[in-house]
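Single-structure report; data block below.
First the proteins, then the strands, lettered A, B, ... as listed; each starts at 1. Computed over heavy atoms, backbone and side chain alike; hydrogens, waters and symmetry mates excluded.
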Amino acid sequence: MNKYENLGSYDPSQIEEKWYDFWETHGVFHDEPKEGAEPFSIVLPPPNVTGQLHMGHALDGTLQDILIRYKRMQGYNVLWLPGKDHAGIATQVKVEKQIAEEGLTKYDLGREKFLERVWQWKEKYGNTIGRQIRKLGSSCDWTRERFTMDPVCARAVREVFCSLYEKGLIYQGNRITNWCPRCQTALSDIEVEHEDEIGHLYYVNYPIVGEDGYVQIATTRPETIPGDTAVAVNPEDERFQSLIGKKLLLPIMNREIPVIADEYVDPKYGTGCVKITPAHDPNDFAVGERHDLESIMIMNLDGTLNENAGKYNGMTREDARKQIIADLDEMGLLVKIEETKHAVGHCSRCHTTVEPMTTKQWFVKMKPLAGPAMQAVKEGKTKFVPDRFANTYIQWLENIHDWCISRQLWWGHRIPVWYCDDCGKTIVSRTDIDACPHCGSHHIHQDPDVLDTWFSSALWPFSTMGWPDQTDLLKKWYPTSVLVTGYDIIFFWVARMMFMAMEFMHEIPFRYVFIHGLVRDSQGRKMSKSLGNGIDPLEVIKQYGADALRFTLVTGNTPGNDMRFYYERVEGNRNFANKIWNAAKFTIMNLDDYDESFVPAKEQYTLADRWILERLAQTEEYVSQNLDKFELGEAADSIYNFAWNCFCDWYIETAKARLYGEHNDDRRVTQYVLVYTLTRMLALLHPFMPFITEHIWQHLPHTGECLARAPWPKADPELRFPEEEEQMERIMDAVKAIRNMRAEAHVQPNKACAVQIAVDREDLRQAVDAHRAYFEKLAHVETLTLLSKDAPKPDNALATVVTGMEVYLELRGLIDADKEKARIMKDKAAAEKEIERTEKKLANEGFLAKAPQAVVDKEKAKLATLKEKLASLDERLAFLAKL
RNA sequence: GGGGCUAUAGCUCAGUUGGUUAGAGCGCUUCGCUCACAUCGAAGAGGUCCUGUGUUCGAGCCACAGUAGUCCCACCA
């Protein structure tokens with residue numbers, strides 16, 4: 001009876017749930033701030049409570065979890081703080097859609113009732129998201145979970161708003177901003193997506209007052225003509241010098257407007273004359289300010305034209321455009337229409353064409369804030385990985401415009417500003433007020449608007465830790481160690497966290513920004529709802545397990561680059577998990593007499609033991625090095641290779657002979673090495689595949705509560721065997737050569753064969769001699785004869801020359817001399833080609849003089865080996881010729 | 001108009017500061033259900049490292065130019 005419970009067959013769905021519950025209920029993910037322990041902290045980019053997690057979240061979460069689990073095992077004092085984002089406009093749009101299905105609008109419900117509905121939504125989807133994150137295996141500290149509208153966060157938002165206002169860094173202004181007529185709110189610049197569209201350039205004549213002539217302008221948006229208050233020309237433009245100062249009759253409106261000179265106009269584009277509509281175009285707005293022009297709003301907030309548009313009052317933008325063109329045509333003022341490609345702005349949420357509008361909004365003055373944020377990155381206090389993203393970040397901040405932070409929405413942090421209806425004063429307050437502090441009036445009302453959702457996100461690294469109080473969390477874990485996020489939100493979020501942190505914490509928010517790309521579909525397209533090509537991570541987990549999904553997301557690409565998602569790859573990684581599972585099953589199956597107290601003396605390790613221990617140590621070093629460099633894919637790859645190609649394919653195979661052999665010590669040592677190697681391999685793999693590794697670990701002999709809290713493997717200097725590793729590699733080469741010849745000669749796989757090996761390196765000779773069992777087990781060799789290098793060679797055999805050895809496979813029947821000759825010739829040609837290259841290199845004086853000695857020596861050694869090989873091959877050919 | 005990224009096997013991608021006989025997974029071919037695993041094992045085929053020029057003793061890697069694809073930023077009516 002085995003004292004260790006063995007594994008059944010691998011079924012991820014059966015083990016994953018169980019271990020997450022275990023970890024969570026045992027507080028494995030929760031650390032208290034500890035004196036003397038190095039901190040490591042990450043704040044989870046809070047997913048929007050709009051709905052479900054997508055593959056991007058799965059990637060983001062996997063990368064973070066790998067770093068967190070790695071550091072936790074290394075003994076760091078770890079905090080991974082999860083949370084969710086209220087996602088103002090996005091969530092509001094969702095809920096509006098939901099109530100629209102009931103035939104209601106938000107106005108039917110009113111602000112309060114509507115917000116109740118949004119909170120219900122938040123509860124529902126917020127919980128779903130929490131479950132999804134757990135399914136992925138993310139080891140967040142749920143006891144410290146935050147929501148951007150939690151009271152602590154709200155307090156931080158108020159503090160920051162008021163403080164910035166007091167410093168003069170937040171101001172209110174009637175300025176032109178991007179306006180979404182569907183959402184009916186202002187948007188910041190980066191919430192507008194520009195897309196090239198084919199539009200029309202309309203050439204229109206504006207009659208000159210008191211003369212017969214016209215001034216010809218060109219516009220893509222004729223519907224804004226009613227709002228024109230000037231026509232501008234370039235002051236240097238000789239064609240139009242005489243026009244400057246004259247009046248034009250604005251068609252349709254029959255209003256007189258001046259011709260002005262402004263350098264903004266490019267004489268080479270269009271007609272060189274530009275209609276100026278200050279209320280509805282950002283450039284024109286600037287021109288209007290310079291020339292003190294009137295600004296006429298001709299649109300309502302829903303994008304229809306208003307009473308200032310005269311007869312077009314009430315029309316939609318689209319209808320007004322058609323009608324105005326028709327009318328101009330009728331008046332004979334429409335000269336021509338050309339097709340033109342131009343960038344049109346769309347609302348990033350609902351894709352409605354954005355309308356520049358002049359409205360009263362709140363802004364953050366960006367120039368003073370951007371400086372320190374850029375400085376921190378330039379000085380390397382915060383590092384981007386890969387570092388090229390630092391450039392995009394800095395370039396953006398260098399050209400930053402003021403940030404419009406007010407939104408005409410209901411869902412979000414209400415702007416903490418009150419207006420007194422009696423004395424007209426504006427009151428900015430950290431606490432809610434019910435009376436005007438200036439005149440005592442109770443006739444006050446709060447600003448109806450809310451803040452851009454990114455305003456609260458910008459404070460996330462410190463608001464979640466209780467700022468403005470100096471909490472223990474902040475003391476221990478701020479600044480955070482690394483922020484993991486996609487390149488698509490560097491502007492929205494990363495940059496803003498940086499400047500807010502520099503302003504309020506006087507310290508960076510994170511030491512590293514680890515940037516990843518997008519997860520695309522198998523054809524390289526962005527996953528999107530409209531294309532219907534999105535893949536639900538939960539579906540994948542259900543089918544293949546979270547471990548396989550995680551491994552897929554972390555391998556096969558490099559930091560910062562997009563990746564394509566293939567089910568084939570997930571399947572392959574599920575197979576890898578299955579492989580690990582079965583290796584463990586094999587190990588456990590052979591532990592019935594396992595002695596936990598037994599530790600082999602160093603000299604008891606046999607060749608294969610030493611080989612796998614050396615490879616393990618190398619892998620341990622390599623994995624840590626790469627994790628430290630954020631090269632997670634490279635780290636994962638090396639574990640995969642070690643587990644499959646070293647441990648399973650070779651070590652386990654050699655172990656079989658010794659487990660079932662005569663010598664009791666062999667068995668005990670082998671058991672020890674199997675358990676030792678497997679356990680450490682599982683530890684290395686744990687950050688990547690937490691579930692299966694924990695499950696197996698719990699079934700193996702172990703000390704400690706769980707693998708998630710087990711120490712991270714560090715290469716043991718006492719168990720390094722570089723020489724034996726090399727010898728084992730030579731033996732493996734010989735085994736592969738035998739297998740190859742067997743296949744070529746169509747020897748039945750289960751048929752035993754006779755092999756002779758000529759070897760003159762003494763250490764190798766001994767190694768081969770002592771480990772004949774490997775050849776029996778791995779290549780079905782029945783009799784193995786060792787020859788000295790100059791001994792007569794077998795006649796009826798195939799031959800292969802590997803480094804340090806000539807390997808002969810004896811055949812029962814006669815060999816086909818021609819075929820064999822051809823085989824040897826192929827080897828010879830390859831060797832000759834390589835010899836030629838190497839000799840040429842070594843004949844090059846420049847190479848000998850300038851290349852490092854080590855490189856030269858390596859080439860020399862290579863040449864010697866090759867020549868030896870060539871000699872052996874020639875000898876064999878000569879022999880064959882005699883047959 | 002600026003800027004980034006990508007180009008390596010049929011497909012998807014690695015290639016760690018310039019020195020390998022250029023690698024992996026999948027796919028493909030041949031063989032094998034051998035007592036951990038057919039979600040497997042063994043053997044094998046398959047590459048003008050986008051093109052050109054240059055730097056260097058030496059280039060898949062560095063520089064310049066070009067081609068193709070892709071993304072971001074930008075107020076040209």
Side-chain angles (χ1 to χ4, degrees), chain A residues 6-7 9-10 190 194 201 217-221 232 264-266 268-277 281-286 340 342-343 356 388-389 391-392 395-396 399 487-488 490-491 517-518 522 524 526 544 555-558 560-566 568-569 571-590 622 625-626 629 631 633-634 637 640-641 645 648-649 652-653 656 660 736 739-744 746 748-750 778-780 830-831 833-834 837-838 841 844-852 854-856 858-859 862 866:
Chain A
N6 212 334
L7 306 163
S9 55
Y10 176 53
I190 51 177
H194 292 274
L201 193 56
I217 59 98
T219 179
T220 53
R221 295 196 304 151
Y264 148 70
V265 180
D266 177 359
K268 293 190 285 292
Y269 189 87
T271 61
C273 303
V274 186
K275 68 192 264 313
I276 301 296
T277 322
D281 183 282
N283 297 309
D284 296 5
F285 182 84
T340 182
H342 62 143
R388 66 170 184 271
F389 290 105
N391 297 332
T392 37
Q395 276 172 24
W396 186 71
N399 303 307
Y487 60 68
D488 50 335
I490 291 175
F491 304 148
L518 269 40
S522 60
K526 218 166 161 170
Y544 298 100
T555 52
N557 92 323
T558 32
N561 292 327
D562 292 352
M563 68 183 324
R564 296 188 191 203
F565 189 89
Y566 283 89
E568 290 89 329
R569 291 194 56 233
E571 195 181 325
N573 290 320
R574 189 272 322 266
N575 293 353
F576 172 56
N578 185 60
K579 188 77 179 171
I580 300 283
W581 181 274
N582 279 297
K585 199 164 153 183
F586 169 83
T587 302
I588 294 169
M589 160 189 302
N590 287 291
Y622 194 72
Q625 278 167 18
N626 279 289
K629 287 190 295 186
E631 291 281 355
E634 189 68 10
D637 237 32
Y640 182 100
N641 176 54
N645 304 120
C648 292
D649 285 351
I652 285 186
E653 292 309 319
K656 284 175 184 171
Y660 312 137
K736 286 183 217 169
R739 287 170 173 174
N740 181 323
M741 288 185 286
R742 289 181 60 118
E744 296 244 357
H746 300 293
Q748 288 298 314
N750 50 3
L778 303 173
H780 281 281
K833 196 176 144 201
E834 201 46 37
R837 270 172 58 154
T838 312
K841 216 179 226 182
N844 185 330
E845 306 242 339
F847 176 72
L848 293 175
K850 295 188 184 173
V855 175
V856 177
K858 205 173 140 195
E859 288 298 318
K862 189 169 110 188
L866 282 164

Check: Got a sec: does the CD of A/Glu653 have more than 12 other heavy atoms crowding it under 6.0 Å?
Finding: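 For A/Glu653, atom CD is crowded (more than 12 foreign heavy atoms under 6.0 Å).
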Describe the nucleic acid contact of [X] in one word from base, sugar-phosphate, nothing, applying a heavy-atom distance below 4.0 Å.
X: A/Lys629; value: base
X: A/Cys273; value: nothing
X: A/Thr558; value: sugar-phosphate

Note to self: Tell me whether the side-chain N or O atoms of A/Lys579 pair up with the base of B/C37 as donor and acceptor below 3.5 Å, since no angle test is needed here.
What the structure shows: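 Such a pair exists between side chain and base.
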Next item on the list: May I ask you to verify whether the side chain of A/Tyr622 and the base of B/U16 hold a donor-acceptor pair under 3.5 Å?
Entry: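 A donor-acceptor contact between them is present.
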Note to self: Which label fits A/Phe576 and A/Tyr640: parallel for a plane angle under 30°, tilted from 30 to 60°, or perpendicular past 60°?
What the structure shows: tilted
Check: Between A/Trp581 and A/Tyr10, what is the ring plane arrangement, given parallel below 30°, perpendicular above 60°, and tilted in between?
Finding: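 Taking A/Tyr10 first and then A/Trp581, their aromatic rings sit tilted (interplane angle of 30° to 60°).
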Would one find a side-chain N or O of [X] under 4.0 angstrom from OP1 or OP2 of [N]?
X: A/Arg742; N: B/A43; value: no
X: A/Lys656; N: B/A36; value: yes
X: A/Tyr269; N: B/A77; value: yes
X: A/Arg574; N: B/U39; value: no
X: A/Asn740; N: B/G44; value: yes

Could you work out the separation of [N] and [M] based on their [atom1] atoms and round it to a whole Å?
N: B/A36; M: B/G44; atom1: P; answer: 25 Å
N: B/U29; M: B/A65; atom1: C1'; answer: 43 Å
N: B/G58; M: B/A43; atom1: P; answer: 39 Å
N: B/G46; M: B/G52; atom1: C1'; answer: 27 Å
N: B/C26; M: B/A22; atom1: P; answer: 22 Å
N: B/C61; M: B/U17; atom1: P; answer: 14 Å
N: B/A7; M: B/G15; atom1: C1'; answer: 15 Å
N: B/C13; M: B/U6; atom1: P; answer: 12 Å

Notebook entry, point to check: Among the nucleotides B/A43, B/C13, B/C75, which one has an atom lying closest to any side-chain atom of A/Asn557?
Noted result: B/C13
Minimum side-chain heavy-atom gap [X]-[Y] below 4.5 Å:
X: A/Arg569; Y: A/Arg564; result: no
X: A/Arg221; Y: A/Asp281; result: yes
X: A/Val274; Y: A/Tyr269; result: no

Protein-nucleotides 19-21 of chain B N/O pairs under 3.5 Å:
from: B/U20; atom 1: OP1; to: A/Lys841; atom 2: NZ; distance (Å): 3.4
from: B/U21; atom 1: OP1; to: A/Glu834; atom 2: OE2; distance (Å): 3.4
from: B/U21; atom 1: OP1; to: A/Lys862; atom 2: NZ; distance (Å): 2.2
from: B/U21; atom 1: OP2; to: A/Lys862; atom 2: NZ; distance (Å): 3.0
from: B/U21; atom 1: O4'; to: A/Glu834; atom 2: OE1; distance (Å): 3.1

Notebook entry, point to check: Between A/Glu571 and A/Tyr566, is any side-chain donor less than 3.5 angstrom from a side-chain acceptor?
Noted result: no
Next item on the list: Please identify each residue that fulfils side-chain hydrogen bond (donor to acceptor under 3.5 Å, both in side chains) with A/Arg388, with sequence neighbours left out.
Entry: A/Asn561
Notebook entry, point to check: Just the dot-bracket of RNA chain B, please: which string comes out with Watson-Crick or G-U pairs under 3.5 Å, [ ] for crossing, | for another strand?
Noted result: (((((((..((((.....[...)))).(((((.......))))).....(((((..]....))))))))))))....
Next item on the list: On RNA chain B, check which nucleotide each of A/Gly846 and A/Glu744 is closest to and give me the residue with the more 5' one.
Entry: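 Whichever sits nearer the 5' end wins; that is A/Glu744.
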Check: If the sugar-phosphate is the primed atoms plus P, OP1 and OP2 and the base is the rest, what is the B/S/- string for nucleotides 69-74 of chain B, using protein heavy atoms under 4.0 Å?
Finding: ---SS-
Notebook entry, point to check: Can you give one letter per nucleotide of nucleotides 24-33 of chain B, going 5' to 3': B for a protein heavy atom under 4.0 Å from the base, S for sugar-phosphate only, - for none?
Noted result: -S-----S--
Check: Sequence neighbours excluded, which residues qualify as side-chain contact (heavy atoms from CB on, under 4.5 Å) partners of A/Thr271?
Finding: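 Listed in chain order: A/Tyr203, A/Gln216, A/Ala218, A/Cys273.
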Item checked: Interatomic distance, A/Glu634 CD vs B/G23 C1' [rounded to whole Å] -> 11 Å
